[in-house]
K.L.:
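Can you keep this structure in mind? I'll have questions shortly.
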Amino acid sequence: MSCGKIPYIGRFAPSPTGPLHFGSLYTALASFLQARSQQGLWLLRIDDLDTPRNIKGSADSILKTLDAFGLYWDDTVVYQSQYLDDYHENLDQLVKDKLIYPCTCSRKTLTDIYSGVCRNKQTLPSSPYSLRIKTDNRIISFNDELQGLISHNLAEQHGDFILKRKDQIIAYQFAVVIDDDRQHINHVVRGFDLLDSTPRQIYLQQLLGLVPPGYMHVPVIIDEQGFKLSKQTLATAVDIKKPHMVIFELLTLLKQNPPSELQHAPLTELLGWAIEHWNPALLKNLTAICRSG
Ligand code: GLU
Ligand code: ZN
């Protein structure tokens, strides 16, 4: 028996779809500081299941960038693609429980929220199909550490959603639940853009009998036009030549008010200060932060 505190286990899980950009580094730093300030572990996982979107060399470039910024992770890096059997075993469980059904609808014929037209198909389709999970009107709630109480009615707000795509790729919503459980993640710090996904993930955790981690969704960085910095908007890679200046700016955007004396301090000193003074409550209820050029 142990009476000690359960250690904090957090993670950063970038997709290898391009170099690490400023917006991702912002999330990485928040997640790192939260883990380190709790004397926790900070694990790194490369979310490489969506193979059509992967870009060769970007996983290595992401690791190099994190390293250059002093965001050292614990343990060895894991890649989702090492665990394909694991996803399928869990999927089989849900199939056995009759919670999943094949769907042949094309994206064109679908509205935003899936109506469930394929729910009662008796035979397996002969054309390619996706696998959807049945949802119902249950309310899924969780208390986000920054955004407060979030409640969704899954059937109304999301409908039956896809766990395995028509192209046979395991969908993000499902993979992330299996991954976080396998790695014993008990705290997830990630961008506000994923908040809307969280109730679906909690629902899957409930169906699989998994304990949900705590969640903290930090604001996303937007440009002056109000667009999120992302690989899709071609946000450029961060410059690894002056890491302390970038970290200083990120800490400012994380509302941590780093003292100006530290502007020219060595990177390790700046990060040490940031861990010691990390106060995520300064981000409470913020969903987006503008980076003015
Ligand atoms: N791989 C996802 C992304 O880059 C993040 C997954 C997560 O943090 O849950 O958007
Ligand atoms: Zn369908």
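In listed order, ligands and their atoms are each counted from 1. Since this is a predicted model, take the numbers as computed values, not measurements. FYI, the numbering just counts along the sequence from 1.
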K.L.:
Evaluate A13 for polar contact with ligand 1, using N/O atom pairs at a separation under 3.5 Å.
P.N.:
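Among all N and O atoms of A13, at least one is under 3.5 Å from an N or O of ligand 1.
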K.L.:
Below 4.0 Å, non-hydrogen atoms only: which portion of R11 touches ligand 1? Side chain, backbone, both or neither.
P.N.:
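Under 4.0 Å from ligand 1, R11 contributes side-chain atoms alone.
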K.L.:
Between H217 and T198, do the side chains contain an N or O donor and an N or O acceptor separated by less than 3.5 Å?
P.N.:
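Present: a donor and an acceptor within the cut-off.
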K.L.:
Test of geometry: compute the angle SG(C105)-the Zn ion (ligand 2)-SG(C118) and round it to 10°.
P.N.:
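Angle SG(C105)-the Zn ion (ligand 2)-SG(C118): 110°, rounded to 10°.
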K.L.:
Testing the 3.5 Å rule here: is there a donor-acceptor pair between the side chains of Q34 and W278?
P.N.:
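Judged by distance alone, the side chains do pair up.
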K.L.:
If you measure from each heavy atom of Q201 to ligand 1, is any distance below 4.0 Å?
P.N.:
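No, Q201 has no heavy atoms under 4.0 Å from ligand 1.
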K.L.:
Checking side-chain contact (heavy atoms from CB on, under 4.5 Å) between Y87 and each of I169, D179, D92, which is the one that passes?
P.N.:
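Answer to the side-chain contact (heavy atoms from CB on, under 4.5 Å) test with Y87 among I169, D179, D92: D179.
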K.L.:
So, is R45 polar-close to ligand 1, with some N/O to N/O distance under 3.5 Å?
P.N.:
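It does not: no N or O of R45 is found under 3.5 Å from an N or O of ligand 1.
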K.L.:
Which value, rounded to 10°, describes the OH(Y114)-the Zn ion (ligand 2)-SG(C103) angle?
P.N.:
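Result: 100°, to 10°.
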K.L.:
Can you tell if the side chain of R132 reaches within under 4.5 Å of the side chain of I100, non-hydrogen atoms only?
P.N.:
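Of all side-chain heavy-atom pairs linking I100 with R132, none is under 4.5 Å.
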K.L.:
Do Q183 and R11 have side-chain N/O donor and acceptor atoms under 3.5 Å apart?
P.N.:
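No donor-acceptor contact under 3.5 Å links the two side chains.
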K.L.:
Once the angle between the rings of Y8 and H187 is folded into 0 to 90°, is it parallel (under 30°), tilted (30 to 60°) or perpendicular (over 60°)?
P.N.:
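Ring orientation of Y8 relative to H187: parallel.
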K.L.:
Could you establish whether F12 and ligand 1 come within less than 4.0 Å of each other, counting only heavy atoms on the residue side?
P.N.:
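Judged by the 4.0 Å heavy-atom criterion, F12 does not count as contacting ligand 1.
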K.L.:
Relative to Y83, does R182 satisfy both conditions: NZ or CZ under 6.0 angstrom from the six-membered ring centre, and within 45 degrees of the ring's axis?
P.N.:
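Yes, cation above the ring, under 6.0 Å and within 45°.
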K.L.:
Considering only heavy atoms of R190, which atoms of ligand 1 have at least one such atom less than 4.0 Å away?
P.N.:
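Ligand 1 atoms under the 4.0 Å threshold to R190: 7 (C), 8 (O), 9 (O).
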K.L.:
As an exercise, identify every atom of ligand 1 less than 4.0 angstrom from a heavy atom of V176.
P.N.:
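Going through ligand 1 atom by atom, the ones under 4.0 Å from V176 are 9 (O).
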K.L.:
When you look for heavy atoms under 4.0 Å from ligand 1, do you find them on the side chain of V188, its backbone, both, or neither?
P.N.:
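It is neither; nothing of V188 touches ligand 1.
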